[in-house]
*Asks:* 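Below is the structure I would like to discuss, written out as structure tokens.
First the proteins, then the strands, lettered A, B, ... as listed; each starts at 1. Quantities reported herein were computed from a predicted structural model and do not represent experimental measurements.
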2 protein chains.
Amino acid sequence: MLTTAFSPHDHSHCITTAINHAQDLCADRSVRLTPVRQRVLELVWHSHQPIGAYELLASLAKEGFNSAPPTVYRALEFLSEQGLLHKLESINAYVGCCNPDTPHQGHFLLCQACNQAQELDSQYITLALKHSAEQHGFEIQSHTIEIVGTCQGCLDKSKAVEYKI
Amino acid sequence: MLTTAFSPHDHSHCITTAINHAQDLCADRSVRLTPVRQRVLELVWHSHQPIGAYELLASLAKEGFNSAPPTVYRALEFLSEQGLLHKLESINAYVGCCNPDTPHQGHFLLCQACNQAQELDSQYITLALKHSAEQHGFEIQSHTIEIVGTCQGCLDKSKAVEYKI
DNA sequence: CATGTTATGTTATGTTATAACAATCGTCAA
DNA sequence: TTGACGATTGTTATAACATAACATAACATG
Ligand SMILES: [Zn+2]
Ligand SMILES: [Zn+2]
Ligand SMILES: [Zn+2]
Ligand SMILES: [Zn+2]
């Protein structure tokens, strides 16, 4: 998995890739990527900053979609079931998944400076979790791994500011 | 760190240890473990099942404490700042910390069968997180590690049931 | 086109958490 | 002793996040 979120990149490419991917994947699975579902996915992919349900709802309302909470929560539920996005539990916000083909739960780096999230799928972390769980005779079903800190880009920026003083 | 939560044990010992520890620690730090703060801590320690803020509030109300939400959230904030408890983000619930002397964020095993939580402090996990973060030039400030599954005891019980069929 | 299933609309409510300001308590020096 | 200050608590209101329940509409299929 590449670290795209924290590096400068052509984000419109992220969006179109994600939407195309979602369309193909839903077609393959014979599930319906309805207009509101697709629009929510597009809105989630507006950037690599996780977005809250009510912010999504406000955008939908502006665009003439139905704007009651169940609308967006149903769309989020569908997209989550299809592995097209993840919820970040520590901030109650949602972020697109770059690798929705195989069911997984990611590990997330959240930058507190730029508010962007990057999904990882580190074998080190997965194995460490497995190992710890096994030591306790614990059988893992799911997990929430959210790491808050500062990304490379924001660290570089703050250093640049420091030196100019 | 021992796995006490998932094993049969004298839980009154957990409670008294936690409260005594909290009293000493607050005295050392010259912060005030006021009645409502201590009572919230006791209620959090009622068992190894994480407890929600509004459930705490209901208990406080029954006991004649003030019962508006800020009361319990302030107590939780204080206790959290002092490292006496942790919030489990994935379930919006709070659990006592067995090792409040040194600031840390734990790794939690949550059993979906018995609803108990066990805090770990696995060096494997910590190192894996560090390693992954470093690979991305990411500087860690805090983290949320919550592993949901089935604990040894509950696995044993379900196997016992299986064999009796 | 009738039927069952899936998706959406609608209203209301449940759950979790904080803002803002007033009143009280504890501490400590004048 | 008092009065000034910061810390704590009381109180009211509201923000933010999420779901229940039931009605209606759209879609697929025979
Ligand atoms: Zn991008
Ligand atoms: Zn993912
Ligand atoms: Zn115990
Ligand atoms: Zn702890």
*Asks:* Picking from dT18(C), dT11(D), dT8(D), which would you name as closest to the side chain of Thr71(B)?
*Replies:*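 Nearest to the side chain of Thr71(B) among the choices is dT11(D).
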
*Asks:* Taking the six-membered ring where the residue is Trp, are the ring centres of His136(A) and His131(A) under 6.0 Å apart?
*Replies:*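 No, too far apart.
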
*Asks:* Mind checking Asn66(A) for me? I need base, sugar-phosphate or nothing, with any heavy atom below 4.0 Å counting as a touch.
*Replies:*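 Answer is base: heavy atoms of Asn66(A) come under 4.0 Å of a base.
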
*Asks:* Please verify the inter-ring angle class for His143(B) with His107(B); under 30° counts as parallel, over 60° as perpendicular, anything in between as tilted.
*Replies:*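 His143(B) and His107(B): tilted rings.
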
*Asks:* Between the side chain of His21(B) and the main-chain N/O of Ile19(B), is any donor-acceptor distance below 3.5 Å?
*Replies:*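 Side chain of His21(B) to backbone of Ile19(B), a donor-acceptor pair under 3.5 Å: no, none is there.
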
*Asks:* Please tell me which of Gly52(B) and Arg32(B) maps to the more 5' nucleotide of DNA chain C, matching each residue to the nucleotide holding its nearest heavy atom.
*Replies:*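 Looking at the nearest nucleotide for each, Gly52(B) comes out on the 5' side.
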
*Asks:* Mind checking Arg74(A) for me? I need base, sugar-phosphate or nothing, with any heavy atom below 4.0 Å counting as a touch.
*Replies:*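 Base, at least one base atom sits under 4.0 Å.
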
*Asks:* Is the shortest side-chain N/O distance from Tyr73(A) to OP1 or OP2 of dA18(D) below 4.0 Å?
*Replies:*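 So the side-chain polar atoms of Tyr73(A) do come within 4.0 Å of the phosphate oxygens OP1 or OP2 of dA18(D), strictly under.
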
*Asks:* Using only side-chain N and O atoms of Asn92(B), determine if any of them is under 4.0 Å from OP1 or OP2 of dT15(C).
*Replies:*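 Asn92(B) to dT15(C) OP1/OP2: no side-chain N or O under 4.0 Å.
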
*Asks:* Is Lys87(B) near enough to dA17(C) that one of its side-chain N or O atoms lies under 4.0 angstrom from OP1 or OP2?
*Replies:*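 Answer yes for this pair, as a side-chain N or O of Lys87(B) is under 4.0 Å from OP1 or OP2.
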
*Asks:* Report the distance from atom CD of Glu77(A) to atom C1' of dA7(C), rounded to the nearest whole Å.
*Replies:*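 Atom CD in Glu77(A) sits about 12 Å away from atom C1' in dA7(C).
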
*Asks:* Over how many whole Å does the gap from Leu33(B) atom CG to dA7(D) atom C1' extend?
*Replies:*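 Taking CG of Leu33(B) and C1' of dA7(D), I get 15 Å after rounding.
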
*Asks:* Before giving the answer on salt bridge (charged side-chain N to carboxylate O under 4.0 Å, His left out), spell out for Glu77(A) and Arg74(A) the whole-Å C-alpha distance, their side-chain angles and the decisive distance to 0.1 Å.
*Replies:* CA-CA 5 Å; Glu77(A) 184 186 19; Arg74(A) 284 164 178 163; over 6 Å; no

*Asks:* Atom CD of Glu55(B) and atom C1' of dA17(C): how far apart are they, to the nearest Å?
*Replies:*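 To the nearest whole Å, that distance equals 17 Å.
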
*Asks:* Assign each of Ile91(B) and Pro70(B) to its nearest nucleotide of DNA chain C by heavy atoms, then name whichever residue's nucleotide is nearer the 5' end.
*Replies:*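 Mapping each residue to its closest nucleotide by heavy atoms, the 5'-most match is Ile91(B).
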
*Asks:* Mark yes when over 12 heavy atoms from residues, nucleotides or ligands other than Tyr124(B) sit less than 6.0 Å from its OH; otherwise mark no.
*Replies:*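 No - once you tally the heavy atoms of other residues, nucleotides and ligands closer than 6.0 Å, there are 12 at most.
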
*Asks:* Would you mind telling me which residue lines up with the more 5' stretch of DNA chain D, Ala93(A) or Phe65(B), judged by nearest nucleotide?
*Replies:*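 Result of the comparison: Phe65(B).
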
*Asks:* When you get a sec, tell me which of dT9(D), dT10(C), dA7(C) is the closest nucleotide to the side chain of Ala68(A)?
*Replies:*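 So the side chain of Ala68(A) is nearest to dT10(C).
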
*Asks:* To the nearest Å, give me how far apart CD (Gln38(B)) and C1' (dT9(D)) are.
*Replies:*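 Interatomic distance, CD of Gln38(B) to C1' of dT9(D): 17 Å.
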
*Asks:* Do the side-chain N or O atoms of Tyr94(A) get closer than 4.0 angstrom to the phosphate oxygens (OP1, OP2) of dA18(D)?
*Replies:*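 The answer is yes; a side-chain N or O of Tyr94(A) sits under 4.0 Å from OP1 or OP2.
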
*Asks:* When only distance counts, do a donor and an acceptor, one from the side chain of Tyr54(B) and one from the base of dA17(C), lie under 3.5 Å apart?
*Replies:*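 Answer is yes: a donor-acceptor pair is held.
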
*Asks:* Arg29(B) has an atom CZ; how far is it from atom C1' of dA7(D), in whole Å?
*Replies:*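 Going from Arg29(B) (CZ) to dA7(D) (C1'), I get 18 Å.
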
